[in-house]
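Take a look at the structure set out below.
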Amino acid sequence: MLASSPYGLFEQSPEPEYEDIVRHAAECCEMPIVFIRIADQERPWIKASAGLELLADPMRFGTFSPPQVPGEACLVEDAREDARTQNHPLVLGEPSLRFYLALPLHNEEGGQVGALCLIDHVPRRLNALQSKILEHLRRQVETQLRLHEQLLEAQERASQMEEAQARLYALNENLLIEVRQRQHIQRELLSQRELLTQALAHIPFAVFWKDRDGRFLGCNDAFAQHLGVSSPQDVIGRTDLELGLLPHVAAAYRRDDVLVMDSGQTRLGIEEPFQRSNGEELWLLTSKVPLRDPDGKVRSVLGIFADLTDRRRQEATLQKALWQVKQYAALLETQVVAASERVRRLMEASRDAVFVLDEKGRVLELNPVAERLLGRTAAELLGMPFDLLAPEPERLVLHHALEELLARGTMRLEEQGLRSAQGERISVQLIGSLQEAGEARRQLVVAQDLTEKRRMEQQNIQNDRLAAMGVLTAGIAHEINNPISYMLANLDLLRQWEDDLEQQLPALPGLPPELLERLPEARSVIADCIEGSLRIGDIVRGMRLLSHTGQGDVLSPVDIHRSLDAVLHIAQGELKHTARLKQDYARNLPMVLGSEGRLGQVFLNLIINAVHAMRPGSPADHVLHIRSRLDEGQVRIDISDTGHGIPPEVLPRIFDPFFTTKPAGIGTGLGLSISYAIIQKMGGSMRVESRVGHGTTFSLLLPSV
């Protein structure tokens, strides 16, 4: 049974509060029909609805109510499958009701006064969030209903009070008229007046009452003291203006009085300004009630007020303090943000990897350099124990170092390994310091990559070796060059003698025929010796070219073809058994600005790498193709092989120091790195293209003179 409601709670007129609730329920649960059904002892009312008005017969849906346990929600997820509803006409016929939910609404005594209902034409299931929202909306509806009922009760009590006051006022009027009954009722009136006087005298608030003309009909002592007069008698019959109130204040009071008397409605908690005759400003919290005569007409107004000045001042002081606190907090927040931003910029600008750890050694922050160093993203590293980034054999050393950092405040590891994402060891120098911010302690660890330092050390060693080899090569070339010159001169003289012998010997009598037959063979041997000596001379000149570095790193015009030919003469021994040589030189190619010795070093390294890439092999299977041309104002040299190629995953790292795919002991991993640095120093660039199984092409681009 649905509980009835007194005071006319269940009227039909729509109210915005309930309309908002049903719309919100429809939107949150995506329901086409939502309504609030209220019932009294006679018939149900639809308090508010969304979607119900679009139906041909909304009241049939409004009165739809399957059997349910009293006080509990009624949920039908599929009306055709539920025994309570599967035979109902609204389920079997159009528009085919399938989902139904009724959340009961209760009054303060626990009685059910209605329900919040949701209807859909398809089976539904509500998720946890939708159920939580609906429960919240159900409580809102109950709250609105209770507030409405309480308001009606308050109005009823106020009306009863007004009627009582009106009857009292009428009684006083009758007493004045009925003189003969005055003696009889005077004692009662005096008693009541004494009681009222005592109440008004001891009440801690100022009380007054005025007529429609704004004249005071009476007041208590607190009100008289507030106005600065000696007794309430001095107030009766006077207006606010006559009591010394400022015109604009008196006018405001008058407007409030008239509004209460004309509307007949009580006004509670009116905050009004008040200014004493000495200029002191006060704030009053006033409530005004209309007083009615026996006929029900409002003849006067009763007012009661309390002084809010102290509370206002305290609130103003509190607001000022709160504003200052907010300003200070905003300043602190700005300073913290600025400091955080400065730290972030410093971390991002640092050339070293920076890690911020908590007291347990877990990564809290890191800069982009750290991500690039380890080849991992910040998402992968955040929250990870820092010592787990070290290889297993070095992990314990790093763990002890972090413990020392917490104890002593500093840490330094000269040679510590960290693991990259590919599992490779990265050699770093770690420097740590302890940072304290309030109660929190943070460990700041800076990791300096030692790879570049080691590369420079190895490059210097390599450069020293190359320089020593250059000096040795230059010396050898110089020592070989003089004997070769003597040999070529003597061989040329020997060839001339052989030519003279061939001309003169046939004329000599008695010369053995065998000697004449061997003269062409001697001429061929002499020619082979001359050709071999010339070739030795070319090799020596190539060695001298590679050993000549000029004055330090001073750049000068270099003939690319001359440098390439010199290197090819030196590499001929490596090349001739592995691949055929194909040279495609551009005509009238301009010189480049560079170091002839350094360029020879780069060419020799690339050609030897190409030969190694084509092994094992034979000239019938492989070709070393060297091509030169002018490319957009730069001289381009392409060195291509038909070897095994470079895998795509390796290609981005071939210029990294110490990276090599050759077996241990075959290469240092510095050749391409040094060559790349040499070309960059000359203002050029180096590119590489490779296909596994098809070969590789290195392209050098150098500025022309």
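The structure presented is a predicted model; accordingly, all values stated were derived computationally and were not measured. Just so you know, residue 1 is the first one in the sequence shown, and it goes up from there.
L357 places none of its side-chain heavy atoms less than 4.5 Å from the side chain of L364. Side-chain contact between I678 and M682 is present, with at least one heavy-atom pair separated by less than 4.5 Å. Taking 4.5 Å as the limit, every side-chain heavy atom of H644 sits out of range of all side-chain heavy atoms of T696. Side-chain contact between N609 and F698 is absent, with no heavy atoms from C-beta onward closer than 4.5 Å. Contact check for D449 versus I426: side-chain heavy atoms found under the 4.5 Å cut-off. Contact check for V369 versus V354: no side-chain heavy atoms found under the 4.5 Å cut-off. Within the 4.5 Å cutoff, side-chain heavy atoms of N605 are placed close to those of S675. Side-chain contact check for K576 versus L581: every heavy-atom pair is 4.5 Å or farther apart.
Side-chain atoms of R395 do not come within 3.5 Å of backbone N or O of L389 as any donor-acceptor pair. Of the possible polar contacts, none joining the T578 side chain to the S618 backbone as a donor-acceptor pair under 3.5 Å is found. Proximity of a side-chain donor or acceptor of Q435 to a complementary backbone N or O of Q443 within less than 3.5 Å is not detected. Of the possible donor and acceptor atoms, one in the side chain of N367 sits under 3.5 Å from a partner among the backbone N and O of D352. Side-chain atoms of S690 come within 3.5 Å of backbone atoms of I646 as a donor-acceptor pair (strictly under, hydrogens ignored). Between the side chain of N127 and the backbone N or O of Q130, at least one donor-acceptor pair lies under 3.5 Å. Using modelled atom types, no side-chain atom of H399 and backbone atom of D387 make a donor-acceptor pair closer than 3.5 Å. With hydrogens and angles disregarded, a donor-acceptor distance shorter than 3.5 Å links the side chain of T642 to the backbone of V623. Proximity of a side-chain donor or acceptor of D641 to a complementary backbone N or O of G695 within less than 3.5 Å is not detected. Formation of a donor-acceptor pair under 3.5 Å by the S704 side chain with backbone atoms of M591 is not found in this model.
For R636 and S699, the side-chain atoms include at least one donor-acceptor pair closer than 3.5 Å. Remark: the H400 side chain and the E404 side chain contain no N/O donor-acceptor pair separated by less than 3.5 Å.
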> Are E394 and R425 close enough, and set up right, to give a salt bridge (Lys or Arg N to Asp or Glu O under 4.0 Å), and what steps lead you there?
Replying inline: CA-CA 11 Å; E394 303 176 69; R425 183 184 184 277; 2.7 Å; yes
> Can you list the steps and then say if V592 with L599 is a side-chain contact (heavy atoms from CB on, under 4.5 Å)?
Replying inline: CA-CA 10 Å; V592 300; L599 277 175; 4.0 Å; yes
>> side-chain contact (heavy atoms from CB on, under 4.5 Å) for I637 and I560? Distances and angles first, verdict last.
In response: CA-CA 9 Å; I637 304 97; I560 289 295; 3.7 Å; yes
> Would L434 and T410 satisfy side-chain contact (heavy atoms from CB on, under 4.5 Å), going step by step from the backbone distance to the final call?
Replying inline: CA-CA 6 Å; L434 191 62; T410 59; over 6 Å; no
> Could you walk me through whether I679 and V602 pass the side-chain contact (heavy atoms from CB on, under 4.5 Å) check?
Replying inline: CA-CA 8 Å; I679 296 300; V602 173; 4.2 Å; yes
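A distance of 7.5 Å separates CG in L129 from SG in C28, rounded to the nearest 0.5 Å. Rounded to the nearest 0.5 Å, atoms CD (E632) and CG (L701) are 9.0 Å apart. Note that OG of S420 is 8.5 Å distant from CG of L373, once rounded to the nearest 0.5 Å. Going from atom CG of L406 over to atom CE of M411 covers 10.0 Å, rounded to the nearest 0.5 Å. Here the CD-CD1 distance, from E27 to I133, works out to 11.0 Å after rounding to the nearest 0.5 Å. From F603, atom CZ reaches atom CZ of R598 across 14.5 Å, with rounding to the nearest 0.5 Å.
When all heavy atoms of L568 and I626 are compared, the pair lying nearest together is CD2-CD1, 3.7 Å. Between L126 and S131 the shortest heavy-atom distance is CB-OG, 3.8 Å. Minimum interatomic distance between A401 and L413 (heavy atoms only, all atoms of both residues): CB-CD1, 3.8 Å. Counting all heavy atoms, side chain and backbone alike, L589 lies closest to R629 at CD1-C, 3.8 Å. Nearest heavy atoms, R419 versus L374: O-CD2, 3.7 Å. Scanning both residues, L630 and P590, for their nearest heavy atoms gives CD1-CG, 3.8 Å.
With sequence neighbours excluded, the residues forming a ring pair (Phe, Tyr, Trp, His ring centres under 6.0 Å) with H561 are Y585, listed by chain and number. The ring pair (Phe, Tyr, Trp, His ring centres under 6.0 Å) search around F386 returns F355, not counting sequence neighbours. Evaluation of the salt bridge (Lys or Arg N to Asp or Glu O under 4.0 Å) rule for R580 yields no partner, not counting sequence neighbours.
A 6.0 Å sphere centred on CD of E689 holds no more than 12 heavy atoms belonging to other residues, nucleotides or ligands. No more than 12 heavy atoms of other residues, nucleotides or ligands sit less than 6.0 Å from atom CD of E30.
Between R442 and E365, no side-chain nitrogen of the basic residue sits less than 4.0 Å from a carboxylate oxygen of the acidic one, so the salt-bridge criterion is not met. A salt bridge links E414 with R412: the closest approach of a Lys/Arg side-chain nitrogen to an acidic carboxylate oxygen falls below 4.0 angstrom.
Applying the salt bridge (charged side-chain N to carboxylate O under 4.0 Å, His left out) test between D638 and each of R627, R687, K582 identifies R627 as the sole match.
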